[in-house]
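Some notes on the structure that comes next.
All ligand and atom numbering here is 1-based and tracks the order in the structure.
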Amino acid sequence: MTVPFAPARLLFGGDYNPEQWPREVWAEDMALMRRAGVNTVTIGVFSWAAIEPREGEFDAGWLDDVVALLDAHEIGFFLATPTASPPPWFTRAHPDAMPVRPDGTRLSHGSRDTYAISAPAYRQAARRVARFLAERYGAHPRLRGWHVHNEYGTVDHGPHAAVAFRRWLEKRHGSLEALNAAWNTAFWSQRYDDWDEILPPCATQYLHNPAQAVDFKRFCSDEMLAAFAEQRDEIRAAGPTAPITTNFMLPTWNHLDQWGWSDHLDLVSVDHYLDTPGPDGEAHVAYGADLTRSWGGGPWLLMEQSAAGIRDGARQAVKDPDRMIRNSLGYVARGSQGALFFQWRASAGGSETWHSAMVPHAGPRSRTFEGVVELGALLDHLQEVAAPPHDGRVVEADVAVLWDADGWWSLETPHLPNDDLDYATEVRATHRALWRAGVAVDFVRTGADVARYRVLFVPTLMAVDSDTVAWLTRYVEAGGHLVVGRFTGVADEHQRVVPGGYPGRLRDLLGVRVTEHVPLAPDESQELSDGSTVVQWTERMDPPRAEVLATYSAGTLAGSPAVTRRSAGAGTATYVSAGLTQESLDRFVAALLARHGVRPVLPGAVGTGVEAIRRRGAAGTYLFLLHHGDRAVRVAGPGHDLVSDAPTEPGIVVPAGGYAVVREAPGATWSVTTL
Ligand code: GLA
């Protein structure tokens, strides 16, 4: 049973932790929330000790009061189950339920996320508190949704994990014989004769077995999903209730197979924190939003972002209010049903005292809060975009990029030909090139229906199973244009190399046979015959059964093919064996898109600093124009700008740092002129 997530308006607000404050502050919170137009908060995250002060003894009087206060101020809420932060009593009662690191260190409370996901005592306690909350608040009319746990991702290597891992392996491999073959345990005498001999990849003398390491990642994702599902089922068993989600984490958290998880959520939500204070942050917003929309398959929710800070190494860089607003619109443009933050009020103490918030330590008389008020008013103006289209997608894209959790986990194997090849970096580089080209992008999983995409990118995918090969082959033969990056298909799903030349199972489709990987030194680069610059990675291949688009120009590879394209059926399969720099990748991608007729969302905007995104809604399409550049532009075409409430003919000016959200006339064309 799934509960549809269909809020009538864009949600605006953030994590609210009243338990950290005296009640006088609650009254001020309500007044400020009203002033800012906050309509949704998330309560209860990490509140376990306040809800269940002693094992099995609940005290939710304070939470009743918070809910009543929100209700009186017409503010909706997501209710979190607090299970990401077991209280000290839990550790004392169940020391075995604390997580164990690979080196055997058993963690203790004193921070958060101290739980062993496979420990029966933890699972039981989590179910109990979820059930308590569901029975008490599940039918509340202002409950917008359940926020189960918070950012699943604590990995345990202890005895409970070992037992559950063995069970999982038995299910996956069927027999020890099959496991020994899949893990190639003949290497270094690792043969297993008894399931009980198998351990999680704990600290050991040298390199782990890579198949064991990837299987453990898969197991952890499944185990956390099972824990989530238990809480979800408790909540549902308590009666009809609101949609259920848990917040995924971007950009570096790689503990979950988000595609598999999304199938079990009523709503996909994400926490997204920029990882650079520079202009590339705008591309990063697009990346996070496109990924989450794709995981969710439709409207989704930005559950957390930062109000005013960007963590940049040791410093907390400032995120200016105009950027915070443009970023928020960037998520909404790509299908988020709102913009929520961590957190409402900056904490006065505790581990995240210096994290930014909607109400900073300085209070409401601050640039940050003024920006928050401005965003609240703006989202209120944009309510009509929240109504989903009657059919079809929220954002239409002609291009897709494969996202694969296994792909990331495989590439974490150490001692590859070049360990600098990083999965998320490669996927982001491809997405960045597409973003710079101004086109709309979806992410897809293996096996998805990709017939609608003119171009499909597989930036790198070390391990490929035979179903994936068949899927890619069908895509190309039916007329798709596939672009495959280096070090793809070299291994099977158990990380075992496919012999006979790389890229293994993809040799036939791509028409190439690579005989040697030739990684470059960190300071080495070379040019290709088409002028591209190559770093990190090159490959030696036989004369291909494919057209050669570019050759290497230096060293022992001089004159040999670097980029190839093979026609197959009605489509093409391109192979890029070299590590292109971002600028070269940008040029390569732009040329490829032009060749296959993929058009930017707003051709005139490319190169002006204006990012254009089209979101479909029930009443038509909306063109979001986010100006990240430094010279104002005039935009003209038939429509109405919801931000300035002005017609867009004969034209509107979008200042540097500004934005517009235009309800377009059907089939409108647009001109963009830099002023
Ligand atoms: C995560 C958590 C929040 C908070 C923020 C800080 O997203 O969910 O509780 O710790 O990070 O950035």
Among all protein heavy atoms, pick the one closest to atom 2 (C) of ligand 1 and tell me residue, atom and distance. Glu304 OE1, 3.4 Å
Using a 4.0 Å heavy-atom threshold (strictly under), name the region of Asn150 that reaches ligand 1: side chain, backbone, both or neither. side chain
Within a distance under 4.0 Å of any heavy atom of Glu151, pick out the atoms of ligand 1 and give their elements. 1 (C), 2 (C), 7 (O), 8 (O)
Asp406/Lys217 salt bridge by N-O under 4.0 Å criterion: no
Which of the numbered atoms in ligand 1 are under 4.0 angstrom from any heavy atom belonging to Phe46? 9 (O)
Test log, rule ring-ring contact (aromatic ring centres under 6.0 Å, His included), inputs Phe165 and Phe216: CA-CA 7 Å; Phe165 185 37; Phe216 187 66; 5.1 Å; yes
Around atom 5 (C) of ligand 1, find the nearest protein heavy atom and jot down its residue, atom name and distance. Tyr273 OH, 3.4 Å
Counting only nitrogen or oxygen atoms and a 3.5 angstrom limit, does Glu352 reach ligand 1? yes
Counting only heavy atoms closer than 4.0 Å, does ligand 1 sit against the backbone of Arg112, its side chain, both, or neither? side chain
Between Arg218 and Asp222, does any NZ, NE, NH1 or NH2 come within less than 4.0 Å of an OD or OE carboxylate oxygen? no
Just do the ring-ring contact (aromatic ring centres under 6.0 Å, His included) check on His140 and Tyr137 with the steps written out, would you? CA-CA 5 Å; His140 198 287; Tyr137 304 107; 7.5 Å; no
heavy-atom search around atom 12 (O) of ligand 1 in the protein gives His355 NE2, 2.7 Å
If we ignore hydrogens and angles and just use 3.5 Å, is the side chain of Ser366 paired with the main-chain N or O of Ala362 as donor and acceptor? no
Check this for me: does any side-chain nitrogen of one of Arg23 and Asp29 sit under 4.0 Å from a carboxylate oxygen of the other? no
